[in-house]
Amino acid sequence: SKSELTGAGVTGRIVARGPRRRPKPGIPEYRPRRMSEAAAPATDPRPQPPATYRWIVLLSCSVAMFGNYYVFDALYPVTPLLEKAFSFTGAQVGLLDTAYNVAALLTLIAGGILIDRIGVAASAVLFGAIGAAGSVAIAVLPALLPGAPWAGMMLGRFLLGVGSEC
């Protein structure tokens with residue numbers, strides 16, 4: 001049936017009025033929860049790990065993040081060294097940064113889907129291993145590819161970008 005609009009009189013507001021719905025038998029009427037009800041903590045039957053374990057996990061994650069950001073941000077301060085030791089050009093150094101950023105962009109798009117499929121813990125291990133492999137590749141591949149050290153380092157930076165952004 002149609003709702004009809006009626007004037008509210010003194011305030012001038014228009015109020016929509018329609019037929020009142022009665023709750024169906026056996027189905028409780030919807031009532032929004034109060035803030036205090038919504039914030040009630042859920043009980044978890046699993047025991048909490050010891051505080052020492054949690055601190056070790058936090059420290060390990062912090063060291064890993066520091067190492068990741070150091071490897072990412074250390075590119076431009078060492079540019080003169082790369083130019084001298086490996087004869088890198090400015091364009092090649094720029095490609096190293098581009099490789100990381102393109103990989104990070106692609107990973108952010110596809111990484112969420114992968115995390116949903118395999119879970120947070122498994123994806124953390126997977127992306128951590130890929131990032132670590134990228135760091136090793138940055139260090140090792142330029143020596144293994146003396147004809148194109150920038151290509152080996154670019155591959156390592158790409159892997160680092162994949163592993164670092166999820």
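Nothing here was measured: the structure is a model prediction, and the numbers come from that model. Count residues from 1 along the sequence. Just the heavy atoms: all of them, side chains too, but no hydrogens, waters or symmetry mates, feed the values below.
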Novice: To the nearest 0.5 angstrom, please state how far the CD1 atom of I109 sits from the CG atom of L114.
Specialist: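 One finds 14.0 Å between CD1 of I109 and CG of L114.
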Novice: With a 4.5 Å cut-off on side-chain heavy-atom distances among I, L, V, M, F, W and Y, is there a chain of contacts connecting L160 to F127?
Specialist: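 They do not share one cluster, since no chain of ILVMFWY contacts under 4.5 Å joins L160 to F127.
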Novice: Using the ring of each side chain (for Trp, its six-membered ring), is F88 parallel, tilted or perpendicular to F86, with breaks at 30° and 60°?
Specialist: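 Aromatic pair F88/F86 classed tilted.
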Novice: Give a yes or no on whether Y76 atom OH has more than 12 heavy-atom contacts from other residues, nucleotides or ligands under 6.0 Å away.
Specialist: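 Correct, the count exceeds 12.
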Novice: Find out whether L141 and M153 are in side-chain contact, i.e. whether some heavy atom of one side chain is under 4.5 Å from a heavy atom of the other.
Specialist: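 Not touching, per the 4.5 Å side-chain cut-off.
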Novice: Does any part of the side chain of W150, heavy atoms only, come nearer than 4.5 Å to the side chain of L82, both counted from C-beta?
Specialist: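 No, their side chains stay 4.5 Å or more apart.
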Novice: Atom OH of Y70 and atom OG of S135: how far apart are they, to the nearest 0.5 Å?
Specialist: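 So the gap between those two atoms works out to 12.0 Å.
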Novice: Between T52 and I56, is any pair of side-chain heavy atoms under 4.5 Å apart?
Specialist: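 Counting from C-beta outward, T52 and I56 do come under 4.5 Å.
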Novice: Report the residues that fulfil side chain to side chain contact (heavy atoms under 4.5 Å, CB included) with V136, sequence neighbours left out, ordered by chain and then residue number.
Specialist: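 Here the qualifying residues are V140.
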Novice: Considering non-hydrogen atoms only, spot the tightest contact between G147 and P149 and give its length.
Specialist: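 Nearest heavy atoms, G147 then P149: C-CD, 3.7 Å.
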Novice: Enter the distance from N101:CG to L106:CG here, rounded to the nearest 0.5 Å.
Specialist: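 So the CG of N101 and the CG of L106 are separated by 11.0 Å.
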Novice: Please give me the minimum heavy-atom distance between A99 and M154, naming the atom from each residue.
Specialist: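 Scanning both residues completely, I find the closest heavy atoms to be CB-CG, 3.4 Å.
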Novice: Please give me the minimum heavy-atom distance between P80 and P77, naming the atom from each residue.
Specialist: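 Looks like CD-O, 3.7 Å.
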Novice: Sub-3.5 Å donor-acceptor pair from the side chain of S164 to the main-chain atoms of G161, do we have one?
Specialist: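 Here the side-chain-to-backbone pair does not exist.
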Novice: Among I113, L126, V125, which one satisfies side chain to side chain contact (heavy atoms under 4.5 Å, CB included) with I118?
Specialist: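 Exactly one candidate clears the test, L126.
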Novice: Would V78 end up clustered with L95 when hydrophobic side chains under 4.5 Å apart are linked, directly or stepwise?
Specialist: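 Yes, it is one cluster - the side chains of V78 and L95 are joined through contacts under 4.5 Å.
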Novice: List the residues meeting side chain to side chain contact (heavy atoms under 4.5 Å, CB included) with T98, not counting sequence neighbours, and say none if there are none.
Specialist: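 Counting only residues at least two positions away or on another chain, T98 forms a side chain to side chain contact (heavy atoms under 4.5 Å, CB included) with V102.
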Novice: How far does CG of L96 sit from CG of L155, to the nearest 0.5 angstrom?
Specialist: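 It comes to 11.0 Å.
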Novice: In the structure I gave you, are the side-chain heavy atoms of L58 and R54 within less than 4.5 Å of one another anywhere?
Specialist: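 L58 does not reach R54 side chain to side chain.
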Novice: Sequence neighbours left out, what passes ring-ring contact (aromatic ring centres under 6.0 Å, His included) with F158? Give chain and number order.
Specialist: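 Partners of F158 by the ring-ring contact (aromatic ring centres under 6.0 Å, His included) criterion come out as none, since no residue qualifies.
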Novice: Determine the minimum heavy-atom distance between P142 and A137, stating which atoms define it.
Specialist: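 Of all heavy-atom pairs spanning P142 and A137, the closest is CD-O, 3.7 Å.
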